[in-house]
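Here's the structure we're looking at; comments come further down.
First the proteins, then the strands, lettered A, B, ... as listed; each starts at 1.
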Amino acid sequence: MWLFILAELTVFALLILAFSVTQQLKPQLFGQSRQLLDTSTGLAMTLSLLSAGLLAALAQVQVRQGQSRRAAWLLLAAMLVACVYVGIKLGEYRHLLGAGLGIEHNTFFTLYWILTGFHFLHVLLGLLILAWLALTAWRHGYGPERCSGFESGVLYWHMVDLVWVLLFPLVYLIG
Amino acid sequence: MSSSIFLLLCWLALACLSLGSVLLGQSALVLLLALAKAWLITDGFMELRHGPQRWRWLMLSWALVLAALLGVGLYLRG
């Protein structure tokens, strides 16, 4: 799992660096375009992802204590909280498209859509993984002695969080 | 301290740092806060403080190198 996570982080690092280098080349364009994004929306998405990460980590504690049903409930809560991110992100995408700020609008928005869209797809995959973990935990498929699969799934979610904490300031704040 | 309390404290710190990032706005200090958040996720949520040190340093280096490169970029642009 660690190798997979490292490979994913490498791909995100290349995209983040591409965004940063292009920002060096077109600082004015990036500054003006960034002002069209809502920082408070970015903060709300950050809190949603981090809260889902907390609930997933708490679920892992429960699995290790043999409380798999409680872990399933916590994962369900994590998924609901993560759905707040999905809802806000889709709202942001809809708003931007409505304002004509699609992927072809300018270089900033091309990279914005690629970077955040790629991350968004990872969140969706993370949600599917959390759902699978919750279902298996509900059926007592995990326990203190057999939780490595559970830990790998939760790690994937934390990787999604880790990427976002660098992506958020780069896209929404620093200019 | 129990694991659950520790995780809650990590989350609280992460939430405060996120709010601080927004309040700082465009300052390059935001990168330092992002680095602190990456450390909390790696050592706290991912539990790598107890895990294999090689992977821990790889995860931390990922955030450190990226934040450093972004910071250099900002510095060069003035």
If you tally heavy-atom pairs under 4.5 Å between each of A:L162, A:V163, A:V61 and chain B, the highest tally belongs to A:L162

CZ of A:R64: more than 12 outside heavy atoms within 6.0 angstrom? yes

Comparing B:A28, B:S2, B:S4 against chain A, the one with the most heavy-atom pairs below 4.5 Å turns out to be B:S4

If one checks every heavy atom of A:V21 against chain B at 4.5 Å, the contacting part turns out to be neither

- Taking atom CD of A:E145 as the centre, does the number of heavy atoms from other residues, nucleotides or ligands within less than 6.0 Å exceed 12? no

Side-chain contact, heavy-atom cut-off 4.5 Å: B:S18 with A:L43? yes

Honestly, the part of A:F168 sitting under 4.5 Å from a heavy atom of chain B is side chain

Listed by number, the residues in residues 41-48 of chain B that come under 4.5 Å of chain A (heavy atom to heavy atom) are B:I41, B:T42, B:F45, B:M46, B:E47, B:L48

The interface call for A:V165 against chain B, heavy-atom contacts under 4.5 Å, is both

Ranking A:T46, A:L50, A:V154, A:T39 by heavy-atom pairs under 4.5 Å to chain B gives rank one to A:L50

Under 4.5 Å to a heavy atom of chain B? For A:L55 that would be neither

OH of A:Y172 to OG of B:S21, rounded to nearest 0.5 Å, is 14.0 Å

Whatever's closer than 4.5 Å to a heavy atom in chain B on A:Q60 counts as side chain

Rounded to the nearest 0.5 angstrom, the CG-CG distance for A:L47 and B:L14 is 9.5 Å

Inset, instruction - Decide whether B:L7 and A:W73 are clustered together by the hydrophobic rule: side chain heavy atoms of Ile, Leu, Val, Met, Phe, Trp, Tyr closer than 4.5 Å, transitively. - result: no

Whatever's closer than 4.5 Å to a heavy atom in chain A on B:L19 counts as both

**CH2/B:W11: more than 12 non-hydrogen atoms of other groups inside 6.0 Å** = no

The interface call for B:L8 against chain A, heavy-atom contacts under 4.5 Å, is both

Starting from A:L49, can I reach A:L80 by hopping between I/L/V/M/F/W/Y residues whose side chains sit under 4.5 Å apart? no

When rounded to the nearest 0.5 Å, the distance separating CG of A:L166 from CG of B:L31 is 7.5 Å

Please check if B:M59 and B:W57 belong to a single hydrophobic cluster, counting links between Ile, Leu, Val, Met, Phe, Trp and Tyr side chain heavy atoms closer than 4.5 Å.
yes

Note to self: Between A:W2 (side chain only) and B:W55 (backbone N and O only), is there a donor and an acceptor less than 3.5 Å apart?
What the structure shows: no

Answer yes if A:L17 and B:L35 sit in the same cluster of Ile, Leu, Val, Met, Phe, Trp and Tyr residues linked by side chain heavy atoms under 4.5 Å apart, and no otherwise.
no

Do the side chains of B:W62 and A:V11 join up, straight or via other hydrophobic residues, at under 4.5 Å, putting them in one cluster?
yes

Cut-off 4.5 Å, heavy atoms of chain B, and the answer for A:S51 is both

The interface call for B:L66 against chain A, heavy-atom contacts under 4.5 Å, is side chain

The reported gap from CD1 in A:I174 to CG in B:L29 (rounded to nearest 0.5 angstrom) is 10.0 Å

Rounded to the nearest 0.5 angstrom, the OG-CD distance for B:S3 and A:Q62 is 10.0 Å

So CD1 of A:I16 and CG of B:L69: to nearest 0.5 Å the spacing works out to 11.0 Å

Does B:W39 have more than 12 heavy atoms from other residues, nucleotides or ligands lying within 6.0 Å of its CH2?
no

Ranked by heavy-atom pairs below 4.5 Å to chain A, first place among B:A34, B:A67, B:P52 goes to B:A34

Looking only at A:I5, A:L6, A:L54, most heavy-atom pairs under 4.5 Å shared with chain B are made by A:L54

Are there more than 12 heavy atoms of other residues, nucleotides or ligands under 6.0 Å from atom CH2 of A:W138? yes

Note to self: Atom NE2 of residue position A:H95 - does it have more than 12 heavy atoms of other residues, nucleotides or ligands inside 6.0 Å?
What the structure shows: no

If you count every heavy atom of other residues, nucleotides or ligands that lies below 6.0 Å from A:R69 atom CZ, does the total exceed 12? yes

